[in-house]
Amino acid sequence: MNLANMMKQAQQVQKRLQDAQKDLAETEITGQSANGAITVVCDGHGKFKSIKISKEAVNAENPSSVEDETVEILEDLITSAMNQAVSDAQKKMQDKMKGIVPAGINIPGLF
């Protein structure tokens, strides 16, 4: 195999990897617990997107006593904490990988 063919194949693989990364970023994955009382949505990369909490999850004995605003505040606080944790984890992974992967090598989805 000649060098030109190898380069062409490498470019094709890189394009397919980029397309796969884009598809994963656009994919939504939903997880539920407590028979749907808690719903979490992530993208295909595992990045947290949202959480929905039912009033029953906050107060199973008297869900009608829970105000909509209370649920929204809890959802926002948990979303913020999850996004901060995901961001910190990504930064730590990138820092660790920088010491392993030689400079100038770009691995899609890693950096």
Side-chain angles (χ1 to χ4, degrees):
M1 186 178 295
N2 66 31
L3 186 58
N5 279 344
M6 288 175 59
M7 291 299 292
K8 185 177 179 181
Q9 286 181 347
Q11 289 172 342
Q12 289 172 348
V13 168
Q14 184 176 18
K15 171 79 168 102
R16 287 193 305 254
L17 285 171
Q18 289 171 340
D19 290 346
Q21 291 294 330
K22 183 180 177 202
D23 288 344
L24 286 171
E26 295 171 355
T27 300
E28 286 192 352
I29 295 128
T30 302
Q32 294 184 337
S33 66
N35 294 322
I38 307 288
T39 302
V40 176
V41 178
C42 294
D43 68 15
H45 293 289
K47 183 176 178 185
F48 177 78
K49 295 183 85 172
S50 68
I51 186 169
K52 292 294 176 198
I53 303 170
S54 73
K55 291 181 178 184
E56 290 78 13
V58 177
N59 185 347
E61 294 178 11
N62 190 6
S64 62
S65 70
V66 180
E67 296 180 16
D68 290 339
E69 185 177 328
T70 300
V71 173
E72 289 174 14
I73 290 169
L74 281 172
E75 291 171 348
D76 290 344
L77 290 171
I78 293 168
T79 297
S80 178
M82 290 292 297
N83 282 329
Q84 181 64 51
V86 168
S87 177
D88 290 351
Q90 287 174 339
K91 286 177 188 172
K92 286 182 187 266
M93 184 208 46
Q94 287 176 353
D95 289 344
K96 189 163 275 291
M97 291 297 119
K98 283 180 185 175
I100 297 170
V101 177
I105 295 180
N106 181 18
I107 301 172
L110 192 57
F111 298 109

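Here, residue 1 is the first one in the sequence, and each next residue gets the next number. Heavy-atom basis, side chains included; hydrogens, waters and symmetry copies ignored.
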If you round to the nearest 0.5 Å, how far is [atom2] of [Y] from [atom1] of [X]?
{"X": "Asp95", "Y": "Gln90", "atom1": "CG", "atom2": "CD", "result": "12.0 Å"}
{"X": "Phe48", "Y": "Ser80", "atom1": "CZ", "atom2": "OG", "result": "10.0 Å"}
{"X": "Gln94", "Y": "Lys91", "atom1": "CD", "atom2": "NZ", "result": "9.0 Å"}
{"X": "Leu77", "Y": "Met82", "atom1": "CG", "atom2": "CE", "result": "13.5 Å"}
{"X": "Lys8", "Y": "Leu3", "atom1": "NZ", "atom2": "CG", "result": "14.0 Å"}

**Asked** Quick check: are there more than 12 heavy atoms from other residues, nucleotides or ligands sitting under 6.0 Å from CD of Glu67?
**Response** no
**Prompt:** With a cut-off of 6.0 Å (strictly less than), are more than 12 heavy atoms of other residues, nucleotides or ligands near CD of Glu26?
**Reply:**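 Yes, enclosed.
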Side chains of [X] and [Y], heavy atoms from C-beta outward: is any pair under 4.5 Å?
{"X": "Cys42", "Y": "Lys49", "result": "no"}
{"X": "Val71", "Y": "Val66", "result": "yes"}
{"X": "Asn59", "Y": "Lys55", "result": "no"}

**Message:** Test side-chain hydrogen bond (donor to acceptor under 3.5 Å, both in side chains) on Asp68 and Thr70; report intermediate values, then the result.
**Reply:** CA-CA 5 Å; Asp68 290 339; Thr70 300; over 6 Å; no
**Prompt:** Between Asp88 and Gln84, do the side chains contain an N or O donor and an N or O acceptor separated by less than 3.5 Å?
**Reply:** yes
**Request:** Heavy atoms only: give me the nearest Ser65-Asn62 pair and the separation to one decimal.
**Result:** OG-O, 2.7 Å
**Request:** Just jot down the side chain to side chain contact (heavy atoms under 4.5 Å, CB included) partners of Ile38, sequence neighbours excluded, or say none.
**Result:** Ser33, Val40, Ile51, Ile53, Ala57
**Asked** Of Arg16, Gln14, Gln21, Lys22, which meets side chain to side chain contact (heavy atoms under 4.5 Å, CB included) against Gln18?
**Response** Gln14
**Heavy-atom donor-acceptor pair, Ser87 side chain to Asn83 backbone, under 3.5 Å** = no
**Message:** For Lys47, is there any backbone N or O sitting under 3.5 Å from a side-chain donor or acceptor partner on Asp43?
**Reply:** yes
